[in-house]
Amino acid sequence: MNQRLLSLMTLALLVILVALPLAFILLQAVFPQFSAGSLAGAFAGLPALLAEPQLPTMLGGTVQIALGVALVSALLGFLPGVARGLLTLPFPRLWDVLFLIPFLTPPYIAALSWMLVLQTNGYLQQLTGINLNDLLFSKYGIVLVMSLNIFPVIYFAVSRSLLASGQRLALVARVHGASAGRAFWHITLPLLSPSLAAGMLLAFTLAIEEFGVPAALGTRAGVLMLTTDIEKKLADWPVNLSGASMLSIVLVAIALSAWWLQKKLTGHQDVTSITGKPTENSGADAGGWLVPVVAVMGLIGFIAVILPGASMILSGVLGTLSGGVNLSNFTLSHYTALFSQQGDALSALGTSLSLALGTACITGLVGLFVSWLVVMQKIKGRAVLDALSLMPAALPGIVVGVGLILLWNRSFWPISPYNTWLMLLLSYCCLLLPWPVRYVGSALRQLGCNLESAARVHGASAFQALRYIVLPLVSPALLAAMLMVFAIASRELVTSLLLAPAGTQTVSVFIWRQFEQGSIGQGMAMATLTLLTGLVLMLSALGIMQRGTRD
């Protein structure tokens, strides 16, 4: 397979997964009657959008929340990521699993869990008398709850970057008299800058497209974001497809501005290691800093994982929420009900896990090709490929779903995935493609082009160099990204609600319907079961990876 053919195949996949749905969203934004097959009245909906009195508030709220989430996520994830990548920590892989749990927890479940803990008469007040209701339902509360779900992108970006690059250059600096702080500031931090910037960009774009947390907390906090207004335009009658599409284009513009800023700050400052070889990093001895570092990481894990997880588990075993936390109110009836609903719960779990696995494999393959073509091969049009790979992160899932419906619900297609499970797979792949692209791209920027060039000089084809040189070197970053994709796809909600065909349920749809019916306990029981299943799969995958490394 030559480079040209691989480039054409990658471009074709990007067109199907990203470009066509985005094009149909753009057409719907420009032509209000496009869904009815008419191109009349171009931009007729624009004056109404600009005249919307809440538009400045929504724009300001979206940008402020996203910036806050990016910064707080960096504060939460940077230190644990550096410690995991540089130091010898007790149970290092256990920290990876711990900080992956927020991705296995749907954001709307996390928001509801925090509500049950912190609101008036919540679990915290029942047990300690402390009431943090005002903090939760505020702009700061929204930023904190979203950051506690998103900060692992910083942790994994930083830790995997350090594990891949090792400490050779920093050790050389120490040998020549540099202090530990000076070596970190002048050697390690520049090596981290591409990965840190990529992680913060992902945190920013994830924040601007998040719907669950703003929907759960934003109304009572008085915070308006673009995603909640888009959902309102699509949910309230009459449905305003044009207005929702135009607001989606605004989100794309915000994301592209963030992408441009990242490229401006780090695009010409890539730092590569001398050999590019990601040897096993044994870690440095933390000495007296070990206990404080582990204590900080443990505190972050307790707040981000243990507290909301305990709330979720507790809600799943309480007979009624109004009954409070006491022994007489504990029951396993919610779990019993899950296995007695004619297989609906277990079928939904199997569907979600299968779709998540397929999404991880497809996006991993496409992300590897895109990153390799953009970073290593530097093909013409690479900026277009890079931009296409970022755009889905700025789109709310519900808008991607609408774009897929507008695209595939057409009579001129001889074969269409519409009203099948393939629509869910396409939507997941579109939404989650940025993860492998950014993680693998950061790893490739550190490796440089010397090794691949040497292979090409000695007669290897471009594909052989990719297979035997590049892939083994970036496999830690690629596998980390695929684990992220699997975790997020297994609990995706919005497009699942919109695109799931009749008779097909995912975990998130099942849980959502339980909440709609007022069965919060049963919904939380299902969320707990899903979390435990995901953890078992993650531990199995990490065990296989560790055994493969030893072999």
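Only a predicted model underlies this, so the values are computations on that prediction, with no experimental measurement involved. Side chains are part of it too, since the values below use all heavy atoms of this structure and drop only hydrogens, waters and symmetry mates.
Annotation for S371 and P436: closest pair OG-O, 4.0 Å, computed over non-hydrogen atoms. The nearest pair of heavy atoms linking N419 to P501 is O-CB, 3.3 Å. Between P21 and L404, the closest heavy-atom pair is CG-CD2, 3.7 Å. Residue L424 comes nearest to T495 through the heavy atom pair CD2-O, 3.8 Å, listed as atom of the first residue, atom of the second, then distance. Between Q28 and S245, the shortest heavy-atom distance links the atoms CG-OG, 3.5 Å. Closest non-hydrogen pair, V485 versus L432, comes out as O-CD1, 3.7 Å.
Counting heavy atoms from C-beta on, the side chains of R513 and Q505 come closer than 4.5 Å. Between D96 and F156 there is a side-chain heavy-atom pair separated by less than 4.5 Å. In this structure the side chain of M200 never reaches within 4.5 angstrom of the side chain of S73, judged on heavy atoms. By the 4.5 Å heavy-atom criterion applied to side chains, F486 and L353 are counted as neighbours. Contact of the S113 side chain with the M524 side chain is registered, since non-hydrogen atoms from C-beta on lie closer than 4.5 Å. Looking only at side-chain heavy atoms (C-beta outward), Y428 and I488 stay at 4.5 Å or farther from each other. You'll find the side chain of P214 stays beyond 4.5 Å of the side chain of V223, heavy atoms only. Contact annotation: the side chain of S195 never approaches that of V158 to less than 4.5 Å [non-hydrogen atoms, C-beta and beyond].
Aromatic ring centres of F24 and F34 lie closer together than 6.0 Å.
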Would L531 and R491 count as a side-chain contact (heavy atoms from CB on, under 4.5 Å) here? Give the steps. CA-CA 9 Å; L531 176 62; R491 47 77 162 169; over 6 Å; no
Given the rule in the side-chain contact (heavy atoms from CB on, under 4.5 Å) test, do L76 and Y155 qualify, once you have shown the distances and angles that lead to the verdict? CA-CA 8 Å; L76 292 174; Y155 168 81; over 6 Å; no
From CA spacing to verdict: side-chain contact (heavy atoms from CB on, under 4.5 Å), E492, V509: CA-CA 9 Å; E492 202 284 331; V509 173; over 6 Å; no
Take I254 and L226 through the test side-chain contact (heavy atoms from CB on, under 4.5 Å) and record every step on the way to the result. CA-CA 11 Å; I254 295 173; L226 290 170; 4.2 Å; yes
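Here the OG1-CE distance, from T528 to M312, works out to 4.0 Å after rounding to the nearest 0.5 Å. In this structure, W435 CH2 and L478 CG are separated by 14.5 Å, a value rounded to the nearest 0.5 Å. Interatomic distance, I101 CD1 to L98 CG, rounded to the nearest 0.5 Å: 5.5 Å. Atom-to-atom distance recorded for L116:CG and I520:CD1 is 6.5 Å, nearest 0.5 angstrom. Taken to the nearest 0.5 Å, the CD1 atom of I25 stands 12.5 Å off from the OG atom of S242. Between the CG atom in L136 and the CH2 atom in W114 there is a gap of 9.0 Å [rounded to 0.5 Å].
For the pair S257 (side chain) and A253 (backbone), a donor-acceptor distance under 3.5 Å is present. The backbone N or O of L201 lies less than 3.5 Å from a partner atom in the side chain of T205, making a donor-acceptor pair. Without hydrogens or angle criteria, N240 side chain to K233 main chain gives no donor-acceptor distance under 3.5 Å. The closest donor-acceptor contact from the side chain of W372 to the backbone of G367 lies at 3.5 Å or more, if one exists at all. At distances below 3.5 Å, not a single donor-acceptor pair connects side-chain atoms of R438 with backbone N or O atoms of L202. Listed for the S389 side chain is no donor-acceptor partner under 3.5 Å among the backbone atoms of P434. One N or O on the side chain of T420 and one on the backbone of P417 form a donor-acceptor pair closer than 3.5 Å. Between the side chain of T62 and the backbone N or O of I208, no donor-acceptor pair lies under 3.5 Å. Using a distance-only test at 3.5 Å, with no hydrogens or angles considered, no donor-acceptor pair links the side chain of Q522 to the main chain of A525.
Test L217, V72, I65 against M146 for side-chain contact (heavy atoms from CB on, under 4.5 Å) and you get one pass: I65.
Taking the six-membered ring for Trp and thresholds of 30 and 60 degrees, F99 and F151 have ring planes more than 60 degrees apart, a perpendicular arrangement.
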